[in-house]
Visitor: 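After the structure tokens below, expect a handful of questions from me.
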2 protein chains.
Amino acid sequence: MTNQKSVSFQDIREEVIDRIQTRIWPQGSLLPTELELAAEFGCARATVNRALRELAEQGIVTRKRKGGTRVVTTPVKHAKLPIAVVRQTIEDMNAGYRYALVSRTLIDCPAWLQAKLGIPEGAQVLHLQCMHHADNRPFQFEERWINVNAVPHVMDEGFLTVGPNEWLLAEVPFSNAEIAFSAVPATGHLQEFLSVPTGTPLFQLERTTWFRNDPVTFVRMTFHQGYQMRTTY
Amino acid sequence: MTNQKSVSFQDIREEVIDRIQTRIWPQGSLLPTELELAAEFGCARATVNRALRELAEQGIVTRKRKGGTRVVTTPVKHAKLPIAVVRQTIEDMNAGYRYALVSRTLIDCPAWLQAKLGIPEGAQVLHLQCMHHADNRPFQFEERWINVNAVPHVMDEGFLTVGPNEWLLAEVPFSNAEIAFSAVPATGHLQEFLSVPTGTPLFQLERTTWFRNDPVTFVRMTFHQGYQMRTTY
DNA sequence: GAGTGGTCTAGACCACTAG
DNA sequence: TAGTGGTCTAGACCACTCC
């Protein structure tokens, strides 16, 4: 007896994926309406709705009122990259974490940063440089600028024992951000702090963060040689 | 009159985010139950459920049966990277796309690839090298290995005019994949095809793809100097 | 064992949009 | 303007897990 009380939205989601993969519903084709599918599967429309809604979020189908549900023609998949605090990333590798402050200076906001953050001229920013080690080997060099107006009591924090990343996460949680990944050559500070020859290719993550529409910080995180960021989709 | 017939799940989601950001519900704290929130907002429990479920998917709260809903202490945000076909990426930049096949060879699967794909010894793979240009400037060098057993009639395709990326997307749509991003130095083919000096840091994306649990392809895509992958979260 | 979230149902009204 | 998805409601039962 394989009877089940009711059809779950996950059953429907998988069945729909299967029909798409087996070309029962080819790319670009129109699916039956929610009502028709509900009748076919013997469940409520809400159940079908949830299944199809999730597939739409994944970018597998597109949905339009009156237009119906369609299998997308050129799938654009979304890789989900979990971005955690460096300490956690390192501890998840079962490595020992060590943090060190390199420099901490209050400066006038440079023009390039003003443009990036959209803050008024003459504003002051706190400029920080830090190192994050895994098992006493250089893991990440962090260079950060914090908008002092957005987080005034950042001036009371010395960042000697706790990194700005974690401090801000506790202070300004659940903010919005823009991220850019790139490959850069090791120069100046980087080659020095990450212990690599000049020009070594390094993986870099730049991030601008806002909290409730106020620009808070811009950070450039450069990883040790050979670092890979991985995910599934 | 700002009256509204009913409270939407989006209203609730935003109100909850607001209360978290303003520390009404600090990190680590327990939220009221769905029933309590439904009573407070004057809506059905299902509405509260959807709002909180989405926040849980975003990693802002964690939920456990009997344990209730809790604000997470160390947020792990998920950056969503849209991964499209190269042609589309280039066309979205309003640049002209050009594709060129560099080489196409049937080979015995090398040991490292056997391990990566988990395919039997002695299997054959199609090895391809291609270039993708944007406005006649090198944009991406693609090196790919295709499991011939998984897609037999790949042998009928010359890949002279259509890239393997697009061909596979049409042939084997909605597959699963593992991705790794890294920074690599330009060497051998790379410096040649991307027109950069030896050792230039380049952004690279490696991806292994399965279709219905069968390994299909492994691809290494190396981008032109200075390429950035961007997203919001 | 009891409390909480997870899900399904049946019905309703609304909002968008293709024809 | 008619058809489709988008959402809300009120109620129900279930599954997990903390105490």
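Naming convention: chains lettered A, B, ... in sequence-line order (proteins, then strands); numbering from 1 in each chain.
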Visitor: With respect to E34(B), which candidate in R45(B), R50(B), R65(B) satisfies the salt bridge (Lys or Arg N to Asp or Glu O under 4.0 Å) definition?
Guide: R45(B)
Visitor: Cation over ring, R104(B) on F159(B), under 6.0 Å and within 45°?
Guide: no
Visitor: Dump the intermediate steps for side-chain contact (heavy atoms from CB on, under 4.5 Å) on V154(A) and W167(A), then the final yes or no.
Guide: CA-CA 9 Å; V154(A) 70; W167(A) 187 86; 3.7 Å; yes
Visitor: Determine, step by step, whether R13(A) and V16(A) satisfy the side-chain contact (heavy atoms from CB on, under 4.5 Å) criterion, reporting the C-alpha distance in whole Å, the side-chain angles of both residues, the deciding distance to 0.1 Å, and the verdict.
Guide: CA-CA 5 Å; R13(A) 191 182 50 194; V16(A) 171; 5.9 Å; no
Visitor: Can you check each nucleotide of nucleotides 5-12 of chain C against protein heavy atoms at under 4.0 Å and return B for base, S for sugar-phosphate only, - for none, in 5' to 3' order?
Guide: BBBSB--B
Visitor: Runs of at least three consecutive Watson-Crick or G-U pairs, both distances under 3.5 Å, are what I'm after; which ones involve DNA chain C?
Guide: C:1-18 with D:1-18
Visitor: Determine, using ring centers only, whether F139(A) and H224(A) are less than 6.0 Å apart.
Guide: yes
Visitor: Minimum heavy-atom separation for G67(B) to L30(B), with atom names?
Guide: O-CD1, 3.4 Å
Visitor: Step by step, work out the side-chain contact (heavy atoms from CB on, under 4.5 Å) result for L168(B) and V216(B).
Guide: CA-CA 9 Å; L168(B) 282 167; V216(B) 173; 4.1 Å; yes
Visitor: For side-chain contact (heavy atoms from CB on, under 4.5 Å), just list the numbers for I12(B) and C43(B), CA-CA rounded to whole Å, side-chain angles, deciding distance to a tenth of an Å, and then say yes or no.
Guide: CA-CA 10 Å; I12(B) 297 179; C43(B) 66; 3.6 Å; yes
Visitor: Rounded to whole Å, please give me the gap between CG in L30(B) and C1' in dC18(D).
Guide: 12 Å
